[in-house]
Amino acid sequence: MSEHSTEHTRVDHGSDNVDPGVPLTAGPTVLPNSVPERVGSSKVVCNACPVLCHISPGRTGACDRWGNVDGALTRIDSLVLTARHLPGVEAPTLFVTGVGSGTTYPDYKPAPFIVASRHDEVDMVTVVTEGIFSYCSIKVKIDTDRFLGPEQGNVRHQGEIVGHVTTAEYGSQMLSIGGVHHLTGGSKKEGRLTCSVMADLGNKQPVELTIDGGSNLVVQAGTAPIVNGVAERRMRVGCGSATIGIFAQQWLGLVDEVVVVDDHITGVLSEHQAGRCLDMRPSGIALRGRRSTAGRYFKVANPGAGWGGTDIVDPLSIIDGFDPDLAWPGLTLLMVSTTGEHAAYFILDAALRPQPAPLPARVQEVVERIVENCEPALSTVLFVGGAGGSLRAGVTLSPVRLTRSIKDALVNVTCGGAPAYVWPGGGITVMVDVARMPDNSFGTVPTPAIVAPIEFTMRRSDYTALGGHVDSIVALEQVAARSAKRIVPHAPSNPWPLDGKALLG
Ligand code: SF4
C-alpha cells in the first residue's frame with residue numbers, strides 16, 4: 001500500500017452533531033478479514049483507511065464503502081468475480097477480483113481474500129485486495145491533432161488544478177491527471193476534486209476538463225474525445241511526412257504537387273524522398289516554416305483547431321510562393337490535412353498564383369482513402385498506481401520477496417482481472433487500461449486517496465516460499481459459494497490471470 005496522506009479526518013457517522021452517513025441499502029457483505037472495533041454499545045470503528053469512521057448501526061462511513069450491519073464492519077459492495085466458459089465444460093471457471101473485496105489497511109493483517117485454486121494441474125494462489133493508493137495517477141491518451149493546450153499546461157476541473165498536459169505521442173495528445181502532488185500537496189479542495197476526477201475517469205465516466213491557454217474537453221474511457229464542444233471523429237493517418245510516403249504512389253500522375261498540412265511535420269510530395277524516388281518533377285513551391293529535411297517542414301503555423309492541428313484556416317497562408325524557374329502555369333496542387341478532413345485543390349495561373357478549382361474525382365478518391373485509413377478517435381484512460389508499499393504486507397511477511405517475485409515473473413499482477421503492466425526498476429508500479437476492468441472498479445477515501453483492485457496470482461509453492469499468509473488461504477469454491485457476489489463475464493481480450501508460461505513453467 002502506498003503511504004497515506006497524514007490528513008486524517010475522524011468522521012463520526014450517525015451521531016447527532018455530524019453529517020450522518022448514507023443509510024444502508026440491500027446486499028451488504030461481511031468480509032472474513034474485517035475486524036470491527038466496537039465503540040460504546042452499537043457503533044463500529046472502520047479501520048479500512050486512516051479516517052477511522054465511527055459508524056452507527058445501519059449507516060455507512062464517509063466513503064460509503066463500509067457500513068455497520070448488525071454491529072459488524074461490512075464492505076457494502078458485492079465482491080466481483082469474473083467467469084469464463086471453457087469448451088466442453090459446463091460450469092464456468094471463476095476468478096476472484098479485488099473489486100469489492102475490502103482492503104488490508106492498516107496492513108498488519110492478511111489480504112481480504114487469499115484464494116486457492118487449481119489450474120492446469122497446478123495448485124495456485126491468488127491474493128486479492130483493494131489497495132488504497134495515494135501514489136497514483138491517470139494517464140489520458142486523446143486521439144486528436146487539435147491543439148488541446150501547451151505542454152506542461154495546467155489541466156483543471158471545476159477551477160482546480162488536477163493535472164497537466166504531458167508529452168504528445170504519435171497522433172495523440174497526452175494528459176497526466178492526479179498524482180500525489182495534487183492529492184496531498186495542495187488545498188483540501190484540490191485533493192478532493194483530483195480524487196473524484198481520477199475515480200470518475202477510472203470508472204469510465206465522462207469528465208469535463210479545461211486546459212490553461214487551451215481547450216475545453218470532455219473525456220471518457222473508450223469514447224471519442226469532445227474538444228470545445230465538437231466530438232473528434234478521426235485519428236490522423238500519420239504525420240504529414242508519413243502521409244506523403246503512404247499515398248505518394250497513388251497521387252503520381254493525378255496531381256503535380258501535394259502538401260500534407262500537419263502541425264508537426266508538413267510534407268511536400270515532389271521534394272519528399274518519396275516523390276524523388278518516383279521521379280516527380282520539382283514544383284518550386286516555397287513553404288513557410290523550418291525545413292527539416294527534403295520535403296519535411298516544421299512549424300509551418302501555430303498549433304490550433306484548424307488544418308492538421310494547426311491554426312490554419314486558409315491553406316494558402318503557408319505558401320510563400322513558387323520558384324518561376326521550376327513552376328509552370330497549369331501546375332495542379334492538392335493541399336490536404338492528415339485526417340483528410342480538410343482538402344483543397346488549386347491550379348497555378350499565368351502569374352504562378354494558385355487559383356481554387358474543383359477537386360477532380362480521382363484525386364478525391366485518394367483523399368477519401370486517407371479518411372478510410374484513419375482510426376476512430378478515442379480517449380484511453382490508464383491507471384498507474386504504486387503497490388510497492390505496505391500493501392505487500394497483506395500478501396507476505398517479507399514484502400521485498402513479493403517485489404522480487406514479480407520482477408522474476410513468478411507472480412502475475414492483475415487489476416480487476418485485467419492485465420497490469422509492471423514498470424521495470426524498483427517498487428511495484430502498475431499500469432492498467434481501465435477499459436479492460438469491470439465497471440465501477442474504483443473508489444475513493446477522504447484522506448484523499450484512490451481505492452483500486454489488485455490481485456497477485458502465483459503457484460502455491462511460490463507463495464509459500466515467499467513467506468505468504470498460508471494460514472489464511474481459502475478455497476475458490478468457498479469464496480464462490482458466498483451469497484453477496486457479482487459474477488461478470490471475463491473480458492475475452494484479457495488473458496486468463498492464471499495462464500502464462502511464467503506462472504506454469
Ligand atoms: S472513509 Fe471509508 S474506508 Fe475510511 S474509515 Fe471511513 S468507512 Fe472506512
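Hydrogens, waters and symmetry mates play no part in the numbers below; they use all other heavy atoms, side chains included. Since this is a predicted model, take the numbers as computed values, not measurements. Count residues from 1 along the sequence. Note that ligands are numbered from 1 as they come in the structure, with each ligand's atoms numbered from 1 the same way.
- Enclosure of atom CZ in R460 is not indicated, since only 12 or fewer non-hydrogen atoms of other residues, nucleotides or ligands lie within 6.0 angstrom.
- The contact set between ligand 1 and W66, taken as ligand atoms under 4.0 Å from a residue heavy atom, comprises 3 (S), 7 (S), 8 (Fe).
- Pairs engaging residues 141-174 under the ring pair (Phe, Tyr, Trp, His ring centres under 6.0 Å) rule: none recorded [sequence neighbours left out].
- Every salt bridge (charged side-chain N to carboxylate O under 4.0 Å, His left out) that D212 has, sequence neighbours left out, goes to R156.
- Taking 2.8 Å as the criterion, C53 counts as a coordinating residue of atom 6 (Fe) of ligand 1, since one of its N, O or S atoms falls below it.
- If you look at P446 next to ligand 1, the close heavy atoms, those under 4.0 Å, all belong to the side chain.
- For ligand 1, the atoms closer than 4.0 angstrom to any heavy atom of C63 are 1 (S), 2 (Fe), 3 (S), 7 (S).
- By the criterion of a heavy-atom distance under 4.0 Å, the backbone of L52, and not its side chain, is placed next to ligand 1.
- A donor-acceptor pair shorter than 3.5 Å can be found between the side chains of E455 and T414.
- Using a 4.0 Å cut-off between charged nitrogen and carboxylate oxygen, E341 and R233 do not count as a salt-bridge pair.
- For ligand 1 and R65, the ligand atoms under 4.0 Å from any heavy atom of the residue are 3 (S).
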